[in-house]
Amino acid sequence: MENGAGNGVAVAAAAAWNFAPNEALLGLTALSVRGVLGRVKAGMVADGGGARPVVPMGHGDPSAFPCFRTAQEAVDAVAGALRSGEHNSYPTSVGLEPARRSIAKYLSRDLPYELSPDDIYLTSGCTQAIEIICSVLARPGANILLPRPGYLFYEARAAFNGMEARYFDLLPQKDWEVDIDCVQALADKNTIAMVIVNPGNPCGNVYSYEHLAEVAETAQKLGIFVITDEVYAHLTFGERKFVPMGVFGTVVPVFTLGSISKRWVVPGWRLGWIVTNDPNGVFQRTKVVDCIKSYLDISSDPPTFVQGAIPKLLENTKDEFFSKTVEILRETADICWEKLKDINSITCPSKPEGSMFVMVKLDLSCLQDIKDDMDFCCRLAKEELVVLLPGCAVGYKNWLRITFAIDPSSLEDGLDRLKSFCLRHSKPAI
């Protein structure tokens, strides 16, 4: 068939199709860290000679660096589960009971009450946990309160499910605490929940017990529950120690989202969880847990052999592994904090105390020919092979999120290149 005839047939046939794309999905890539980083790296041409490697300071996956490799005990647990031949079948929809029991025991160590396996629902990483929670809460007219800056995946899932996202501010001058007055002003009769991330992504903050208590009391007064994203739990290296929001489960019902991805440095293993921190049984009475179970019946599961490895992974991983990871993060956070002080177009409001990130403010008045944070990051990637996440990807335009969870020498190199870039684009002194 000739090209002209073939094209004509195709065009004529296409006009008769009865389908169209899901409009809710179009444009959601802009709310994805992957999508934004893809745009940032689009014009980057890696040095073919290898003299200047790419420095990845834009995402939270340090697993490629040898200093952040996971614990051998975790590898042995997964290998043992796989070799056993006992975990090749479909799991139950809520997850294997031994895995849920082990996670309940592991998380209960930080709580004033005991969790049971029935409080644990296993998911394919924390991202699926977010997807599930936003799906089971969705109803016409509902809104959910999200932190700004924050992880826009929550907004993407809320939008996909027809929920309105409303943003409350985090206060950089107060170590990124929740603006409680803002929360109260935003909430109305259609508000169902508020989200907090602790330790913080993208800010590197760690909330105090007193501040979390204030959040819990505010949510109780508003008649909403708290979704707490604790995927970076225990990755703290400042004065404040990690306090789980579930401590306040008797004040307000709490959904805790977590995973093994960050603490064990294995995001590719895709094992996360939803936990109901709800000693008063609110989620049971309102049938929210029934909705979670129903959703899990029609969704994909985390790999069965990874679920099978969880009991030994949690039991056998030595404290030395966790201490080493935290010490490296403390070192790289210090490097980041000190080197950023010498870059005159960038301001860091507070030293990070947890997670793997820090938010810094970009002063465009000091730079020439830079339009905004996206332009800054695209040109930095192209000219210096350094990848940062523009603040627009976390709802904070003309800020930057810097990941310091990389090899210390690579971090120093990347920050030196960042300084060179800023100097090269600085406005000349008058």
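Not measured: the values here are computed from a predicted model. Numbering starts at 1 and runs along the sequence shown.
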Test log, rule side chain to side chain contact (heavy atoms under 4.5 Å, CB included), inputs Val247 and Asp110 = CA-CA 8 Å; Val247 166; Asp110 298 320; 5.9 Å; no
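- Put simply, the residue from Ile346, Val358, Leu389 that forms a side chain to side chain contact (heavy atoms under 4.5 Å, CB included) with Ile402 is Val358.
- A distance of 9.5 Å separates NZ in Lys324 from CZ in Phe68, rounded to the nearest 0.5 Å.
- Here the shortest heavy-atom pairing between Phe321 and Arg69 reads CE1-O, 3.3 Å.
- Here Phe160 and Phe153 keep their ring centres 6.0 angstrom or further from each other.
- Proximity of Pro147 to Tyr154: side-chain heavy atoms (C-beta onward) are nowhere separated by under 4.5 Å.
- Considering only heavy atoms from C-beta on, Glu214 comes within 4.5 Å of His211 through its side chain.
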Output, in order, the C-alpha distance, side-chain angles, deciding distance and verdict of side chain to side chain donor-acceptor pair (under 3.5 Å) for Thr127 and Arg157.
-> CA-CA 10 Å; Thr127 50; Arg157 295 309 313 186; over 6 Å; no
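- With rounding to the nearest 0.5 Å, the separation of CD1 in Ile274 from CD1 in Ile130 is 9.5 Å.
- Here the options are Ile406, Val387, Leu418, Leu380, the test is side chain to side chain contact (heavy atoms under 4.5 Å, CB included), and the partner is Met57; only Ile406 passes.
- The main-chain N or O of His59 is found under 3.5 Å from a side-chain atom of Thr403 such that the two form a donor-acceptor pair.
- A donor-acceptor pair under 3.5 Å links the side-chain atoms of Arg401 to the main chain of Gly58, judged by distance alone.
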Determine, stepwise, if the pair Ile328 / Phe65 fulfils side chain to side chain contact (heavy atoms under 4.5 Å, CB included).
-> CA-CA 12 Å; Ile328 297 171; Phe65 294 93; over 6 Å; no
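- Minimum heavy-atom separation, Cys377 to Val40: O-CG1, 3.6 Å.
- Atoms OG and OH, from Ser93 and Tyr121 in turn, are 10.0 Å apart once rounded to the nearest 0.5 Å.
- No donor-acceptor pair closer than 3.5 Å links the side chain of His87 to the backbone N or O of Val306.
- Looking only at distances, a side-chain donor or acceptor of Arg100 sits under 3.5 Å from a matching main-chain atom of Gly95.
- Within 6.0 Å of NZ on Lys397 lie more than 12 heavy atoms contributed by other residues, nucleotides or ligands.
- Using a 4.5 Å heavy-atom cutoff, the side chains of Phe225 and Thr286 are not in contact.
- Side-chain N/O atoms of Asn277 and Thr256 include a donor and acceptor closer than 3.5 Å.
- Arg109 places a side-chain N or O within 3.5 Å of a backbone atom of Tyr106 that can act as its donor or acceptor partner.
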List the steps and the verdict of salt bridge (charged side-chain N to carboxylate O under 4.0 Å, His left out) for Asp334 and Arg330.
-> CA-CA 6 Å; Asp334 287 344; Arg330 179 180 287 112; over 6 Å; no
Could you please spell out the steps behind the side chain to side chain contact (heavy atoms under 4.5 Å, CB included) verdict for Trp269 and Trp264?
-> CA-CA 10 Å; Trp269 290 9; Trp264 274 265; 6.0 Å; no
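- The local environment of NZ in Lys341 is crowded, with over 12 non-hydrogen atoms from other residues, nucleotides or ligands closer than 6.0 Å.
- Using a 3.5 Å distance cut-off with no hydrogens or angles, the side chains of Arg263 and Thr325 do not pair a donor with an acceptor.
- Distance check, rounded to the nearest 0.5 Å: OH of Tyr113 to CG of Asp278 gives 8.0 Å.
- The one candidate from Leu170, Leu186, Leu171 that meets the side chain to side chain contact (heavy atoms under 4.5 Å, CB included) condition with Asp179 is Leu171.
- Around CZ of Arg39, the count of heavy atoms belonging to other residues, nucleotides or ligands within 6.0 Å does not exceed 12.
- Nearest heavy-atom pair across Ala158 and Ile144 is CB-CG2, 4.2 Å.
- The distance from the CD1 atom of Ile196 to the CG atom of Leu212 is 5.0 Å, given to the nearest 0.5 Å.
- Classification of Arg52 and Glu384 as a salt-bridged pair holds, one side-chain N sitting under 4.0 Å from a carboxylate O.
- Using the six-membered ring where Trp is involved, His234 and Phe242 have ring planes that are perpendicular, over 60° apart on the 30 and 60° scheme.
- In this structure, Ile224 and Ile192 have side chains that are not in contact, with every pair of non-hydrogen atoms separated by 4.5 Å or more.
- Counting only distance, with no hydrogens or angles, the side chain of Asn398 and the backbone of Asp373 share a donor-acceptor pair below 3.5 Å.
- Ionic pairing of Glu412 and Lys339 is not present here: no N-O contact between side-chain nitrogen and carboxylate oxygen is shorter than 4.0 angstrom.
- Within 6.0 Å of atom NZ in Lys105, 12 or fewer heavy atoms from other residues, nucleotides or ligands are found, so the atom counts as exposed in its surroundings.
- Annotation for Leu122 and Leu296: closest pair O-CD2, 4.0 Å, computed over non-hydrogen atoms.
- Shown here is Glu239, whose CD atom has no more than 12 heavy atoms of other residues, nucleotides or ligands within 6.0 Å.
- The nearest pair of heavy atoms linking Phe168 to Cys182 is CA-SG, 3.6 Å.
- The closest donor-acceptor contact from the side chain of Thr332 to the backbone of Phe404 lies under 3.5 Å.
- Counting heavy atoms of neighbouring residues, nucleotides and ligands inside a 6.0 Å radius, atom CG of Asp188 exceeds 12 of them.
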Assess whether side chain to side chain contact (heavy atoms under 4.5 Å, CB included) is satisfied between Val206 and Asn198, documenting all intermediate values.
-> CA-CA 6 Å; Val206 180; Asn198 182 44; 4.2 Å; yes
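- With hydrogens and angles left out, the side-chain atoms of Asp297 and Ser294 include no donor and acceptor closer than 3.5 Å.
- Not a single donor-acceptor pair under 3.5 Å links the side chain of Asn161 to the backbone N or O of Met163.
- The two atoms that bring Gly308 and Leu96 nearest to each other are N-CD1, 3.9 Å, heavy atoms only.
- The pair Arg417-Asp413 counts as a salt bridge, with a side-chain nitrogen and a carboxylate oxygen less than 4.0 angstrom apart.
- Panel note: side chain Glu230, backbone Met245; a donor-acceptor pair is recorded below 3.5 Å.
- When the shell of 6.0 Å around CD of Gln72 is examined, it contains more than 12 heavy atoms from other residues, nucleotides or ligands.
- Residues Ser409 and Asp407 bring a donor and an acceptor atom of their side chains to less than 3.5 Å of each other.
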Give the C-alpha distance, both sets of side-chain angles, the deciding distance and a yes or no for ring-ring contact (aromatic ring centres under 6.0 Å, His included) between Tyr209 and Phe248.
-> CA-CA 10 Å; Tyr209 179 97; Phe248 304 97; 4.9 Å; yes
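- The backbone N or O of Gly60 sits less than 3.5 Å from a side-chain atom of Lys262, completing a donor-acceptor pair.
- Interatomic distance, CD1 of Ile310 versus CG of Leu271, reported as 4.0 Å (0.5 Å rounding).
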